[in-house]
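One structure is given below, encoded as structure tokens.
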Amino acid sequence: MNKRILVSGGAGFIGSHVATELIQAGYDVVVADNMSNCDMTCFQGVQKITGREDIPFVKIDFCDGDSVNKLFSDFQIDAVIHFAAFKAVGESVMEPVKYYKNNLCSFLNVLDAAKTHGGCNVLFSSSATVYGDPDKLPVTEESPRQSAASPYGNTKQICEDILEDTVKATRRFGKSVCPGISNNGPIKGIALRYFNPIGAHPSALIGELPRGVPNNLVPFITQTAIGKRECLSIFGDDYPTPDGTCQRDYIDINDLAKAHVAAVARMLEEKMKEDYEIFNIGTGRPLSVLELVKTFEKVNNLKLNYKFAPRREGDIPAIWADPTLANKELGWKAGRSIEETLESAWAWERHLAEINK
Ligand code: UFG
């Protein structure tokens, strides 16, 4: 029987790509989402790409512990990948209670259910935001975490800690604290620290669906290119970087999704070296905002309306990953070129324009 993976937040941008890759790798998947920040477009896209009309979909609020328990009773789950969380940095500064409540409660409920129902493995979607503004680049998993610049970032740090503590406790105290775990040992945990996920599936059937004005760079670019936004503001041209604009590590969403498949296999095939592991998921290649904009123009053969604007509060000058550990231990490497990725982002925006006509 295939192993079954629960993808919480599975109808969203990252979740839908991960569900697709898992199914294509031969896993059974349960997609669960409260639909607070998406519609059914991406889930339907996953069905089309995989040719699977029968993927179980559960609409669920992960902050409701009873519903989460029921979900784990209804399905035998071998591992859960937890995406269900709010993710807008600026909004989290305005509404910290909303962010702490949602992002922490949902994760605690998942861990509780994982403990009760056979001790399934847990993969947490973390972020490079935990490194803050690093002293040394690129960042490795050993680079120190810095105090979070936003409540959103803080929820990522806290959830990493909660997962690590839970994994340790189940190893140490076993069935006495966690009667549901199987004889195979403790809950295992992996945190994947994403850099900047961008792009869309090559089919253009799934991609990012920002509500309202996008905060992130690439959806803002594609919406400007299609005429939904007038002009892209490049925030800051006087950073201490080669061209004065910020540098990031932009990781193709399909590559990112494949890293999850590799991490799940590592957990389920008992290949982990520690009960709790962390991996940077990035390319190792810094790219400036201006370089990204110019590449987007070139590969898609268009001119983008952009201007330089003041720095955005909270932005750091530069961050990129050292992905060596993930390359070695997960046998995973980012493979798609930035050109392919930016073509796919533009194809997705055009697909959206087509279906919303
Ligand atoms: N940018 C612009 N104009 C825009 C939008 C973004 O110039 O309209 C610039 C930003 O200033 C930054 C770069 O593009 O230099 C990337 O910005 P994004 O908002 O796309 O991504 P961030 O690096 O700010 O955000 C990422 C993740 C978040 C995470 C955050 C932590 O998307 O989930 O890092 O810093 F919380």
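In what follows, every heavy atom counts, from backbone to side chain, and hydrogens, waters and symmetry copies are set aside. Indexing begins at 1, ligand by ligand and atom by atom, following the structure's order.
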What about the rings of Phe279 and His260, do their centers lie closer together than 6.0 Å?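 Not close enough - the centres of the two rings lie 6.0 Å or further apart.
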State yes or no: are the ring centers of Phe43 and Phe57 separated by less than 6.0 Å?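 For Phe43 and Phe57, the ring centres are under 6.0 Å apart.
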When only distance counts, is [X] in polar contact with ligand 1, meaning an N/O pair under 3.5 Å?
X      : answer
Phe235 : yes
Asn196 : yes
Val289 : no
Lys87  : no

So if I count the atoms of ligand 1 from 1 in the order they appear, which ones are less than 4.0 Å from some heavy atom of [X]?
X      : result
Val89  : 36 (F)
Asn215 : 5 (C), 19 (O)
Cys246 : 15 (O)
Ile234 : 7 (O)

Qualifying residues under salt bridge (Lys or Arg N to Asp or Glu O under 4.0 Å), relative to Glu95, sequence neighbours excluded: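 For Glu95 there are no salt bridge (Lys or Arg N to Asp or Glu O under 4.0 Å) partners, ignoring immediate neighbours.
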Could you state the interatomic distance from CG (Leu22) to OG1 (Thr20), rounded to the nearest 0.5 Å?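 Interatomic distance, Leu22 CG to Thr20 OG1, rounded to 0.5 Å: 8.5 Å.
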Under the criterion side-chain hydrogen bond (donor to acceptor under 3.5 Å, both in side chains), I'd like the reasoning laid out for Asn154 against Tyr100: C-alpha separation, chi angles, the key distance, then a yes or no. CA-CA 9 Å; Asn154 207 15; Tyr100 285 115; 2.9 Å; yes
Can you classify the ring geometry of His17 versus His201 as parallel (below 30°), tilted (30 to 60°) or perpendicular (above 60°)?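 Aromatic pair His17/His201 classed tilted.
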How are the rings of Phe124 and His82 set to each other: parallel, tilted or perpendicular (split at 30° and 60°)?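 The rings of Phe124 and His82 lie parallel, inter-plane angle below 30°.
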Write out the residue and atom name of the closest protein heavy atom to [atom], then the distance separating them to 0.1 Å.
atom                    : value
atom 35 (O) of ligand 1 : Thr129 OG1, 4.0 Å
atom 17 (O) of ligand 1 : Arg312 NH2, 3.4 Å
atom 33 (O) of ligand 1 : Tyr152 OH, 3.3 Å
atom 23 (O) of ligand 1 : Arg248 NE, 2.7 Å
atom 11 (O) of ligand 1 : Asp315 OD2, 2.5 Å

Side chain to side chain, [X] and [Y], heavy atoms closer than 4.5 Å:
X      : Y      : answer
Thr295 : Glu339 : yes
Ile281 : Pro323 : no
Pro202 : Arg336 : yes

Per-atom contact, atom 21 (O) of ligand 1, protein heavy atoms, under 4.0 angstrom: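 True for atom 21 (O) of ligand 1.
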Tell me the contacting part of [X] for ligand 1: side chain, backbone, both, or neither, using a 4.0 Å heavy-atom threshold, strictly below.
X      : result
Ile316 : neither
Ser233 : backbone
Leu217 : both
Asn216 : both

Lys/Arg-Asp/Glu bridge criterion (N-O < 4.0 Å) met for Asp275, Arg171: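 Arg171 and Asp275: salt-bridged.
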Less than 4.0 Å is my threshold; does some heavy atom of Tyr250 fall inside it relative to ligand 1?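 Tyr250 counts as a contact of ligand 1 under the 4.0 Å cut-off.
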Does anything in residues 301-332 pair up under ring pair (Phe, Tyr, Trp, His ring centres under 6.0 Å), and if so which pairs, sequence neighbours excluded?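 Residue pairs with at least one partner in residues 301-332: there are none.
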